[in-house]
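Atoms considered below: every heavy atom in the structure, side chains included; atoms not considered: hydrogens, waters and symmetry mates. Both counts, for ligands and for their atoms, begin at 1 and track the order of listing.
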Amino acid sequence: MILVTGGLGFIGSHACIALRRAGHKLAIVDNLANSKLAVLERIRDLAGGDVAFHRADIRDATALAAIFGRDPVEAVIHFAGYKAVGESVAKPLDYYENNIGGTFVLLKTMERYAVRRIVFSSSATVYGDPQRLPLTEDHPLGAVNPYGRTKQFIEVILKDRAIGSPEFRHATLRYFNPIGAHPSGRIGEDPRGIPNNLFPYVTQVAIKRLEKLRIYGNDYGTVDGTGVRDYIHVMDLAEGHLAALKFLLDKDRSITVNLGTGRGNSVLEVVNAFERVTGIPIAREFAPRRQGDVASCYADVSLASRELGWQTKLGIEDMCRDAWAWQSANPRGFPE
Ligand SMILES: NC(=O)c1ccc[n+]([C@@H]2O[C@H](COP(=O)([O-])OP(=O)(O)OC[C@H]3O[C@@H](n4cnc5c(N)ncnc54)[C@H](O)[C@@H]3O)[C@@H](O)[C@H]2O)c1
């Protein structure tokens, strides 16, 4: 059985479908801190098979032990954590407690039950301000906010754990910018409150939940002055987890690897693609740069291709189409 922490969240829910469809037996652990129970039924429908669910907090050692004690766990895929950069600046202790504290309890429980494989959701944010592009995995790390530092610290903890115990293996996946949704439109990104990220903002302007898109900065040294990011379709990212899991189960080593497309798109390119695909105009205004935002960020994906045999298949128009299928069918997100 594969234990998936945070499996009801945006990326976890899509990964669970890919994993279940590939024949893995799954159990999700989620405390619903940033997700809704309605996601579970949809995962089960789309995955075409049963998926076990435990409502629990990964910081709760007793609850985790009960779950690990029930069914042998082959490997863990660890999505659970907080992820909002701005909130992490305002509430750093909550972020350190949940992200690092939660991972610590999880790793201790894995040790106790001799579970020695973990796929971890890291982030391109660990690189901080890029010194060169595309970003290769050996680029120096330098996260510039508490959220990013939680990811950077957890990476160190995983490396130390692997040094101390050679049979322990981790696949640390540095995601770039996941967007899009399952092509059915039944699951997708459902942020609480005003979205922090570009794409849910765009789709919420399109359904008229928000009035207009604010684009932070149009004076960067990029193709059109707006920020450039490596957007990756969440279904491609989900497949990346399958490849990482296979790597851990087949090979006798750990890996830290970028998951992106290797291509950058500017904010305006993404908004224009969305308008082209959906035919819906997106009202927009330019605002000053946001502190901490970098001009451009995109991945070198050669390691993922070489080691995991994985590469993305979907482009920016697929991401726009599928995100819109989700948002237009679920204008208020998942039901309570
Ligand atoms: N979405 C992105 O842009 C992005 C980019 C890079 C990395 N990541 C990382 O990928 C992972 C998944 O991201 P996401 O976008 O799906 O986020 P998400 O918030 O949608 O999903 C995280 C899930 O974890 C659960 N959770 C949080 N704390 C928990 C706890 N203590 N115990 C049990 N469950 C808990 C939440 O309820 C939620 O369902 C996160 O670790 C995030 O930091 C996300």
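- When all heavy atoms are compared, the tightest approach of S305 to Q311 is OG-OE1, 3.6 Å.
- Protein heavy atom at the shortest distance from atom 35 (C) of ligand 1 is N31 OD1, 3.0 Å.
- The closest approach between A56 and ligand 1 falls below 4.0 Å for a heavy atom of the residue.
- When F199, Y175, F10, Y231 are ranked by how near their heavy atoms come to atom 8 (N) of ligand 1, first place goes to Y175.
- Closest to atom 15 (O) of ligand 1 among all protein heavy atoms lies K83 NZ, 2.7 Å.
- Nearest residue to atom 28 (N) of ligand 1 from L8, I179, T103, N98 is N98 (criterion: closest heavy atom).
- Ranking the protein heavy atoms by distance from atom 37 (O) of ligand 1 puts D30 OD1, 2.7 Å first.
- Closest to atom 32 (N) of ligand 1, if we only count protein heavy atoms, is I58 N, 3.0 Å.
- With a heavy-atom cut-off of 4.0 Å, S122 touches ligand 1 through its backbone alone.
- Nearest heavy-atom pair across I11 and L237 is CG2-CD2, 3.7 Å.
- Nearest non-hydrogen protein atom to atom 19 (O) of ligand 1 is N34 ND2, 2.7 Å.
- Every heavy atom of N177 sits 4.0 Å or more from the atoms of ligand 1.
- Ring centroid separation for the pair H54 and F68 does not come in under the 6.0 Å cut-off.
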